[in-house]
Colleague: 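Below is the structure I would like to discuss, written out as structure tokens.
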Amino acid sequence: MSGPFAEFRDECTRLVKAALEREGMPAEDVRLATPSDPSLGELSFSTFALAKKVRGDPRAIASRIAAAAHGGAWRLVGKVEAAGAGYVNFYIEPKAFAEELIRSVSTEGSGYGTSRGDGEKVLVEHTSVNPIHPIHIGGARNAVIGDCLSRVLKAAGKDVRRHFYIDDVGLQVSQAAYGLSMLGGEEAVRSAAKGKRDHFIGFVYASTSCAMNIRALKGEIERLKAEGKDEEARLKIRELDDWVSVSAELREKDAETFDRILGGVNASADPEGEVAELLKRYESKDPAAVSLIRGLCDAALEGFRETLGRVGIVFDSWDWESETASWNGGAKEVVERLSRTGFTKLEDGTVVLDCEAVVERFGLREKYGIKTEVPPLTLMRSDGTTLYTTRDIAYTLWKFGRADRVINVISIEQKLPQLQLKIALHALGMGDDAERLMHYSYELVHLPGYKMSGRRGRYVTFDEVLEEAVQRAYREVTERSPHLSEEERRRISEVVGVGAVRYALAAVAPQKPITFTWDRVINFEQNSAPFIQYAHARACNILVKAGEGWRGAAVDYSALCSKHERELVIMLSKFPEVVEEAARSLRPEEIAEYANELASKFNLFYDNVPVLKAEGEGAKNARLRLVDSTRIVLSNALALLGVKAPERM
RNA sequence: GGGUCCGUGGCGCAGACUGGAUAGCGCGUUGGCCUUCUAAGUCAAUGGUCGAGGGUUCAAAUCCCUCCGGACCCGCCA
């Protein structure tokens, strides 16, 4: 049983079932719904489906069920009424229900809403931003979703481990490291970087990819022109134009660093070859390559930890791709094992997995809703290095050894490789394990006007969004609460600004694309973290003014009889079920929805029902308990979103 | 071209998995409420053929089909 509302629901269900059995009607499938209007009760049962089955009149059946309720000894069920064309509406017994709810919340405190659960081990991999640029607003969405999901699962009694996968073996990291080597290698990050080092690395990476792209495109254009392929050349020229404008943007930021990288790239006979060589050396654990690339990754991760720490996101494990998949021979072993299955082919020196053949062989088409041919997956390059998905297969096997269920929070862009990963598991004869793996996908954050691109250095960073949010919050706090000390205003604006950003990213369903605007991400009005935090602060304020005397004093729960008190009580009672449901359906945004609605209900109560000036001590104490319960639940709900609840603001 | 996801008042969203009573909320616009606990609040007004068209059903924003629009993917990138 999870909370008073679940108990009320249970009583209603038993009531309906008992009535149906007495009438000789089928009572297996009794599901209750929330009426569209609170005046119609807290739960309802619709009799249409049943009426059809037994060829009866829905209205008459509803009446008979309602009549059967009279005389029953129900604890939390008050009134039961037949209504409309075929509904039975259930109302709570206000006094008993309020008492039960308030006792539950005050006993359980910060544990109210959590459940014991089954202790299933769930590994949530999230954020996993490539260590070649700072976390941008798209990565922030991943981080916030993954963190909220972890919190919700934990509250539902799961044994959650949060993992960050460091993709240090990729071509991109080698490219960034190649650029870094023009600046003097890993020492350059330590000394040269002003500001956050992940930002510096982002600049190095963008500069390197820009320089390499310009050089490669120029070569291609010359070749195409010489071959008389003017049409193709024209397309490449357009691409080149884009990169030339990127180079101007980068030079404007730091011309010296950019020019050194550009010079280095142009001085090389074969930059692509050098990057590939560096990757190859890293995969074979060559000390100089390791020192360079790890130096770069460490600097980026230091920046990530700082940013994530600011928003309250921490990890239980930082998994290096090199260690979980590459240096331990995991990825190579995956290639060998897959090669033995007969599903791979050798094409120009590369090893390719025939995904389509696996899909056919194991009948996966229907299982995964595959309607088209699945493209083959290259497992190994002709130079013997592995590809990302190959290493991800090895990493997945590593994860399976550490959890019952694995959830990967990865953007929708990687839908196909994540499917290919599952297909590879089937090929390995691990079809059952594939069921334990889930790609939790989310849509991208778009920028108005242009697309974010790490390679081009075009992104809005999480850091700048947070900074702007906290500054706006500071202006707001200063304007509204000038009496607070500077230090307290700073502290509050940090909590409010960070909360606003987290809420904005957590509240939108993951499968909806977001177009970034400042006003959207930093909102202090209704349906925002500050709105909810404000309700919490108001509740705290009443309690501060009330002192401590009320806690042991006599209480008259029957005083909580107004519409606003009743709705607030019911809202509070639903929290445990909301948490369970959010965990079951993996939808943390339902917590945001709930918290917002609870704050709205509390504001209505606050504006309409006097607490400290209530008539009678019993009523005042009952309301104080209700305020205290609201404070606790608002704080618990915000905690699931990773948002702090200030006592003043 | 193929596939997947999304489409709900001017704008931003909830409701869809599990069909149910007059489709909720915020922003915006207009007009009220601070000598009762913090006005980041609240009240009222305004505004919707739930992308279009079919189908299933006693009942469809919700399920099915077709179409339109947008995003994403279809690499020896990740």
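Not measured: the values here are computed from a predicted model. Here is the naming used below: chain letters follow the sequence lines, and residue numbers restart at 1 for every chain.
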Colleague: Check salt bridge (Lys or Arg N to Asp or Glu O under 4.0 Å) between A:K644 and all other residues, then give those that pass, not counting sequence neighbours.
Modeller: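 A:K644 satisfies salt bridge (Lys or Arg N to Asp or Glu O under 4.0 Å) with no residue once adjacent residues are dropped.
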
Colleague: Could you pull out all residues at least two apart from A:S36 that satisfy side chain to side chain contact (heavy atoms under 4.5 Å, CB included)?
Modeller: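 Scan of A:S36 (side chain to side chain contact (heavy atoms under 4.5 Å, CB included), adjacent residues dropped) gives A:L40.
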
Colleague: Just to verify, what does A:R551 make a salt bridge (Lys or Arg N to Asp or Glu O under 4.0 Å) with, not counting sequence neighbours?
Modeller: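 For A:R551, the residues satisfying salt bridge (Lys or Arg N to Asp or Glu O under 4.0 Å) (neighbours in sequence not counted) are A:E548, A:D628.
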
Colleague: Starting at CG of A:L346 and ending at C1' of B:rC76, how long is that distance when rounded to a whole Å?
Modeller: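 Interatomic distance, CG of A:L346 to C1' of B:rC76: 12 Å.
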
Colleague: Just to be sure I understand the rule, does A:P58 reach a base, reach only the sugar-phosphate, or reach nothing, if contact means heavy atoms closer than 4.0 Å?
Modeller: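 Here A:P58 touches no strand at all.
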
Colleague: Stacking here means centres under 5.5 Å and planes under 30°; does A:Y606 stack on B:rG41?
Modeller: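 By the stated criterion, A:Y606 and B:rG41 do not stack.
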
Colleague: Is the glycosidic torsion of B:rC13 within 90° of 0, making it syn, or is it anti?
Modeller: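 Anti for B:rC13; the angle lies over 90° from 0.
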
Colleague: Take A:Y165 and A:E321 through the test side-chain hydrogen bond (donor to acceptor under 3.5 Å, both in side chains) and record every step on the way to the result.
Modeller: CA-CA 7 Å; A:Y165 185 49; A:E321 185 175 33; 3.3 Å; yes

Colleague: For A:Y205, check ring pair (Phe, Tyr, Trp, His ring centres under 6.0 Å) against everything at least two apart and list the hits.
Modeller: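 Per chain and number, A:Y205 pairs via ring pair (Phe, Tyr, Trp, His ring centres under 6.0 Å) with no residue.
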
Colleague: Mind calculating the distance between CG (A:D607) and P (B:rU36) to the nearest angstrom?
Modeller: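 Going from CG in A:D607 over to P in B:rU36 covers 13 Å.
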
Colleague: Mark yes or no for a side-chain to base donor-acceptor pair under 3.5 Å between A:N89 and B:rA21, with no hydrogen or angle criteria applied.
Modeller: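 In this structure, the two groups form a donor-acceptor pair.
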
Colleague: Rounded to the nearest Å, what distance is computed from the CZ atom of residue A:F45 to the C1' atom of nucleotide B:rG19?
Modeller: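 Distance, rounded to whole Å: 15 Å.
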
Colleague: Which one is paired to B:rG20, where only Watson-Crick or G-U wobble pairs with both distances under 3.5 angstrom count?
Modeller: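 Pairing partner, where one exists within any strand: B:rC58.
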
Colleague: Can you find a side chain N or O atom of A:K512 that sits less than 4.0 Å from OP1 or OP2 on B:rG7?
Modeller: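 Looking at the OP1 and OP2 atoms of B:rG7, one of them is under 4.0 Å from a side-chain N or O of A:K512.
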
Colleague: Could you give the OH-to-C1' distance, from A:Y368 to B:rC74, as a whole number of Å?
Modeller: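 One finds 20 Å between C1' of B:rC74 and OH of A:Y368, rounded.
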
Colleague: Taking only the side-chain nitrogens and oxygens of A:S46, find out if one of them lies under 4.0 Å from OP1 or OP2 of B:rG20.
Modeller: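 A:S46 to B:rG20 OP1/OP2: no side-chain N or O under 4.0 Å.
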
Colleague: Counting any heavy atom closer than 4.0 Å, what does A:P375 reach on the DNA or RNA strands: base, sugar-phosphate only, or nothing?
Modeller: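 Sugar-phosphate contact only.
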
Colleague: Starting at atom CG of A:N523, determine the distance to atom P of B:rG12, rounded to an integer number of angstrom.
Modeller: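 After rounding, the reported distance stands at 14 Å.
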
Colleague: By nearest heavy atom, map A:A537 and A:E593 onto RNA chain B; which one lands nearer the 5' end?
Modeller: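 Its nucleotide being nearer the 5' end, the pick is A:E593.
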
Colleague: Check whether any side-chain N or O of A:R520 sits under 4.0 Å from OP1 or OP2 of B:rC13, and answer yes or no.
Modeller: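 Yes, because at least one side-chain N or O of A:R520 sits under 4.0 Å from OP1 or OP2 of B:rC13.
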
Colleague: Taking side chain to side chain contact (heavy atoms under 4.5 Å, CB included) as the test, write out the residues that go with A:S485, two or more places apart.
Modeller: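 A:S485 satisfies side chain to side chain contact (heavy atoms under 4.5 Å, CB included) with A:E487, A:E488 once adjacent residues are dropped.
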
Colleague: Between atom CD1 in A:I412 and atom P in B:rC6, what is the gap in whole Å?
Modeller: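 So the two atoms are 9 Å apart, to the nearest Å.
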
Colleague: What is the nucleic acid contact for A:V609, judged by heavy atoms within less than 4.0 Å: base, sugar-phosphate only, or nothing?
Modeller: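 The answer is base, as A:V609 lies within the cut-off (heavy atoms under 4.0 Å) of a base atom.
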
Colleague: To the nearest angstrom, how far is A:N527 atom CG from B:rG12 atom P?
Modeller: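 In whole Å, B:rG12 P lies 14 Å from A:N527 CG.
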
Colleague: Under 4.0 Å: is that the gap between some side-chain N or O of A:N603 and OP1 or OP2 of B:rU42?
Modeller: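 Affirmative; the distance criterion is met.
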
Colleague: Which base sits across from B:rA44 as a Watson-Crick or G-U pair, both distances under 3.5 Å?
Modeller: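 Partner of B:rA44: B:rU30.
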
Colleague: Whole Å only: how far is the CD atom of A:Q414 from the C1' atom of B:rG75?
Modeller: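 Atom CD in A:Q414 sits about 13 Å away from atom C1' in B:rG75.
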
Colleague: Is there aromatic stacking of A:Y534 against B:rG41, centre distance under 5.5 Å, plane angle under 30°?
Modeller: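 Here the ring of A:Y534 and the base of B:rG41 are not stacked, as the 5.5 Å and 30° limits are not both satisfied.
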
Colleague: May I ask which nucleotide in the shown strands pairs with B:rC72, Watson-Crick or G-U wobble, both distances under 3.5 Å?
Modeller: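 Pairing partner, where one exists within any strand: B:rG3.
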
Colleague: Considering every strand shown, what is the Watson-Crick or G-U wobble mate of B:rA52 when both distances are under 3.5 Å?
Modeller: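 B:rU66 - that is the nucleotide pairing with B:rA52, both distances being under 3.5 Å.
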
Colleague: On RNA chain B, does the nearest nucleotide to A:K613 precede the nearest nucleotide to A:K371 from the 5' side, or the other way round? Give the residue.
Modeller: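 Comparing both residues, the 5'-ward one is A:K371.
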
Colleague: Counting only side-chain N and O atoms of A:Q526, is one of them less than 4.0 Å from OP1 or OP2 of B:rU42?
Modeller: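 Looking at the OP1 and OP2 atoms of B:rU42, one of them is under 4.0 Å from a side-chain N or O of A:Q526.
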
Colleague: Categorize A:Q172 for me: base, sugar-phosphate, or nothing, with a 4.0 angstrom heavy-atom threshold over every strand shown.
Modeller: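 Contact class for A:Q172: base.
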
Colleague: NA contact type, A:K451, heavy-atom cut-off 4.0 Å: base, sugar-phosphate, or nothing?
Modeller: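 Sugar-phosphate, backbone atoms only, no base.
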
Colleague: For B:rG12, what is the paired nucleotide under Watson-Crick or G-U wobble rules, both distances under 3.5 Å?
Modeller: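 Base partner found: B:rC25.
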
Colleague: Measuring to OP1 and OP2 of B:rC37, would you say a side-chain N or O of A:R648 lies under 4.0 angstrom away?
Modeller: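 A:R648 to B:rC37 OP1/OP2: no side-chain N or O under 4.0 Å.
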
Colleague: Counting only non-hydrogen atoms, which of residues 381-396 of chain A are less than 4.0 Å from RNA chain B?
Modeller: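 Contacts with RNA chain B under 4.0 Å: A:R381, A:S382, A:L387, A:Y388, A:R391.
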
Colleague: Find the partner of B:rC37: check Watson-Crick (N1-N3 plus N6-O4 or O6-N4) and G-U wobble (N1-O2, O6-N3) distances, both under 3.5 Å, and reply none if neither fits.
Modeller: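 For B:rC37, the partner nucleotide comes out as none, under the 3.5 Å rule.
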
Colleague: Does a distance-only test, which skips hydrogens and angles, find a donor-acceptor pair under 3.5 Å between the side chain of A:S44 and the base of B:rA21?
Modeller: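 Donor-acceptor pair under 3.5 Å: yes.
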
Colleague: Just checking A:M380: base, sugar-phosphate only, or nothing, at a heavy-atom cut-off of under 4.0 Å?
Modeller: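 Nothing, no nucleic acid heavy atom in range.
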
